[in-house]
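Down below is the structure, laid out as structure tokens.
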Amino acid sequence: MRFSKMLIPTLRQTPADAEAISHILMLRAGYIRQLAAGLYIYLPLSLRVTRRIHKILREEMNAIGAQEIALPALHPAEVWQETGRWYEIGDEMFRLKDRTGRDMCLGMTHEEIMTWLAVREIRSYRDLPQVWYQIQTKLRDEARPKSGLLRTREFLMKDSYSFDADEEGLERNYQLHAEAYHRIFSRCGLKFHMVQSDPGMMGGATSHEFMAPSPAGEDVVVLCDSCGYAANVELALSNPKKIEIMDWEFGEVHTPEKRTVQEVSNFLKLKPEYFIKSLLVISDDGPVLALVRGDQELHEKKLGRIIGKHRPALKEEVKDILGVEAGFIGPMNHDIRLVADSCLQEGVYVSGANKQHYHARGIKPGRDFTAELHDITLAKEGDLCAKCDSPIKIERVIEIGNIFKLGKKYSVPLKAFYLDEKGEEKPIIMGSYGIGPARIASAAIEQNNDRDGIIWPRSIAPFDVEILPLNMTDAKTLETAENLYRDLTAKGLDVLLDDRDERAGVKFKDADLIGIPTQVIIGEKNLREGIVEIKDRKTKEIVKVKVAEVIERMKVEAAQ
RNA sequence: CGGGGCGUAGCGCAGUCCGGCUAGCGCACCUGCUUUGGGAGCAGGGAGUCGGAGGUUCAAAUCCUCUCGCCCCGACCA
């Protein structure tokens, strides 16, 4: 492909409303343009990247026996009503009516439609297992699209669905997908982790996410280097670091106007981990006092799994229910439900004295108060692994794929049944598995860039090589460029020839920005000795080779 | 949906507080000459509903009201 014939609108300046590195670089390097919030136009370069990612996806999906099909993006409401999601999902679903007034929606995922198909086409255990996948547009009216292609309202997803006769079959397909996903992300040149995740509204018992480490990510995971424990903080278990058990006698301390743990900690010159934070929340079953150690954060979702839906209490409610202002609550002498983080099982602490301007020191769990013990804190750096007690790491990540065991969640309401060997009717056991190609591309840029631009992993780069003839008025340069272009293309490489009549500096800058892994630089002086340069975008290493040796050299590079 | 920021030429911005001549600057674009290994120089040129609507005023990019859009933080994220 010739640069002059391709729409590659590079930008010298950074567009004002981009913040994430991948977003900035995709705009600057001429890969994408924004149509509206969360809606992007894919220009030729990004389409090439997308196609390469799709090719890898298809190869690996086909390799585990999955069959590609294509479902509509526009769905009738009825199917979604049958599973209840039409009602459960809020504004995130694009809804519309057709000309006859029939309710329709734009597909945000395809469990319903895939199951609809299974209902009709799978009758017997002999038809099972099946794995169907598609690479299809999803539409979600995101509350907050952000970071370029990382969170958009319209995006492609490779989604596959497995249909099995029993849990063992599902387990097999789940494992096959996990392995395929490992191969896919490795082939795409990404650093990633597979972590336990919260199945959330997808339903089902087990799910994992594939996470690419990046500061631009929206998720946070907990990792243990020594035992391999890896989980999304949404559900990650951990133990706060151990603290010394103090031998304080119980007693009240005057702490005028000192309300927060930080204030009291400074005032008493005691580290926050010797405090108990008491937080009042209102659940559907009444008020609950949640207790966490002073250096820990309450994890709303974990608490929610124990006490159900809840909200923080208002200031007045705290006074009404506990009889004291919020800054001076302690765990003692209350007749409401108490839920404490497990680490508070032992130790001696400071907390509010349930008395204005007073705190109490020497509080002993079990003696001074009794609470249900659960892990209700947010895992943080420095905590100890719940499995092996080694220090854990916290990492910010981009979710690039997920796998769910759905079980019967969709097959039962949609009546996707099959007849087993005994002629008994049974629900099909399902799984669903997604990968976002745009997130792969974004994560690849987030993980591979420098001040000059993108550094694509070879496997998903828009081109394998870019040829830079520096002086377009020199006949020898032109001839060499054309020959190399023809020969490299004939060898099956994707080659971009920068045939623009631009100055050398412009070509260098654009080449580095665009990020094609290998550059072949044809300069007039070198050419007089029959030499061109091969530059590695990543290492910036330049090797001078005879023109005739370029092809051989490129084959070696491409194989790496 | 809550909080914050921004909307002026294709891009990046100044001007807005304190209303006043023909709305500026850099880059990009077009023409010509020179230049040619890391975003060239000189000369000339084209390009604007100042996001939109209404209002105040002799006069509005600037003040007031409403509204639309985009970004960031949070909530949400099937």
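It should be emphasised that the depicted structure is a prediction, and the values quoted were computed from it without experimental measurement. Numbered from 1 within each chain, the chains take letters A, B, ... in sequence-line order.
Note: CG (L513(A)) to P (A28(B)) measures 15 Å, nearest angstrom. Between D498(A) atom CG and G38(B) atom P the separation is 15 Å, expressed in whole Å. Between the NZ atom of K309(A) and the C1' atom of C76(B) there is a distance of 14 Å, given to the nearest Å. Atom CG of D219(A) is separated from atom P of A75(B) by 12 Å (rounded to the nearest Å). In this structure, I522(A) places its CD1 atom 17 Å from P of G38(B), rounding to the nearest Å. When the P atom of G12(B) is taken as reference, atom CD1 of I24(A) falls 12 Å away, rounded to whole Å. The distance from atom CG of L11(A) to atom P of G12(B) is 8 Å, rounded to the nearest whole Å.
A search for side chain to side chain donor-acceptor pair (under 3.5 Å) contacts involving H299(A) returns nothing, not counting sequence neighbours. Here W116(A) pairs with nothing under the ring-ring contact (aromatic ring centres under 6.0 Å, His included) rule; sequence neighbours left out. Residues that satisfy the side chain to side chain donor-acceptor pair (under 3.5 Å) test with E171(A), not counting sequence neighbours, are Q175(A), K405(A).
Remark: A53(B) base-pairs with U65(B); criterion is Watson-Crick or G-U wobble with both hydrogen-bond distances under 3.5 Å. Of all nucleotides present, none satisfies the Watson-Crick or G-U wobble test against G46(B) with each distance under 3.5 Å. Under the Watson-Crick and G-U wobble criteria, each requiring two contacts below 3.5 Å, nucleotide G74(B) is paired to C1(B). Applying the Watson-Crick and G-U wobble criteria (two distances, each under 3.5 Å), C17(B) pairs with nothing in any strand. The partner of G26(B), taking Watson-Crick or G-U wobble pairs whose two distances both stay under 3.5 Å, is C11(B). Base pairing analysis places U35(B) opposite nothing; no Watson-Crick or G-U wobble pair with both distances below 3.5 Å involves it.
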Let me have a per-nucleotide readout for nucleotides 68-74 of chain B, 5' to 3', with B, S or -, counting only protein heavy atoms under 4.0 Å.
--SSBBB
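Closest of all the heavy-atom pairs between D159(A) and Y161(A) is OD2-OH, 2.5 Å. When all heavy atoms of K380(A) and D295(A) are compared, the closest pair comes out as NZ-O, 2.6 Å.
Of the side-chain N and O atoms in R12(A), one or more sit less than 4.0 angstrom from OP1 or OP2 of A28(B).
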Collect all protein-nucleotide pairs involving nucleotides 34-36 of chain B in which both atoms are nitrogen or oxygen and the distance is under 3.5 Å.
residue, atom, partner, partner atom, Å
U35(B), O2, R503(A), NH1, 2.7

Each nucleotide N or O in nucleotides 4-10 of chain B that has a protein N or O under 3.5 Å away: list the pair and distance.
none

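Not a single donor-acceptor pair under 3.5 Å links the side chain of Y181(A) to the backbone N or O of I403(A).
Taking the side chain of K509(A) as heavy atoms from C-beta on, and the options G37(B), G39(B), G12(B), the nearest nucleotide is G39(B).
Base engagement by R28(A) is indicated by at least one non-hydrogen atom pair under 4.0 Å involving a base atom. Residue-level contact check: E533(A) touches the bases, meaning some heavy atom is under 4.0 Å from a base atom. Within 4.0 Å of K540(A), counting heavy atoms only, lies no atom of the nucleic acid at all. As judged by a 4.0 angstrom heavy-atom cut-off over every strand, D512(A) is placed among the base-contacting residues.
For G41(B) and A47(B), the C1' atoms lie 23 Å apart once the distance is rounded to whole Å.
Side-chain atoms of R458(A) and T518(A) form a donor-acceptor pair, as typed in the model, at a separation below 3.5 Å. Inspection of the H110(A) and K138(A) side chains reveals an N or O donor paired with an N or O acceptor under 3.5 Å. In this model, no donor atom of one side chain and acceptor atom of the other lie less than 3.5 Å apart for Q296(A) and D341(A). The closest side-chain donor-acceptor pair between H177(A) and S162(A), if any, does not fall under 3.5 angstrom.
Looking at D452(A), D450(A), D464(A) one by one, the single match for salt bridge (charged side-chain N to carboxylate O under 4.0 Å, His left out) with R537(A) turns out to be D450(A).
For the pair T14(A) and E92(A), nearest-nucleotide mapping onto RNA chain B gives the more 5' position to T14(A). Comparing E142(A) and Q519(A) by the nucleotide of RNA chain B whose heavy atom lies nearest to each, the residue mapping closer to the 5' end is Q519(A).
Crowding of K540(A) atom NZ: a count of heavy atoms from other residues, nucleotides or ligands under 6.0 Å exceeding 12.
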What verdict does the salt bridge (Lys or Arg N to Asp or Glu O under 4.0 Å) test give for K415(A) and E82(A), after you've listed the backbone C-alpha separation in whole Å, the side-chain angles of each residue and the deciding distance to 0.1 Å?
CA-CA 10 Å; K415(A) 303 188 177 60; E82(A) 280 171 50; 5.7 Å; no
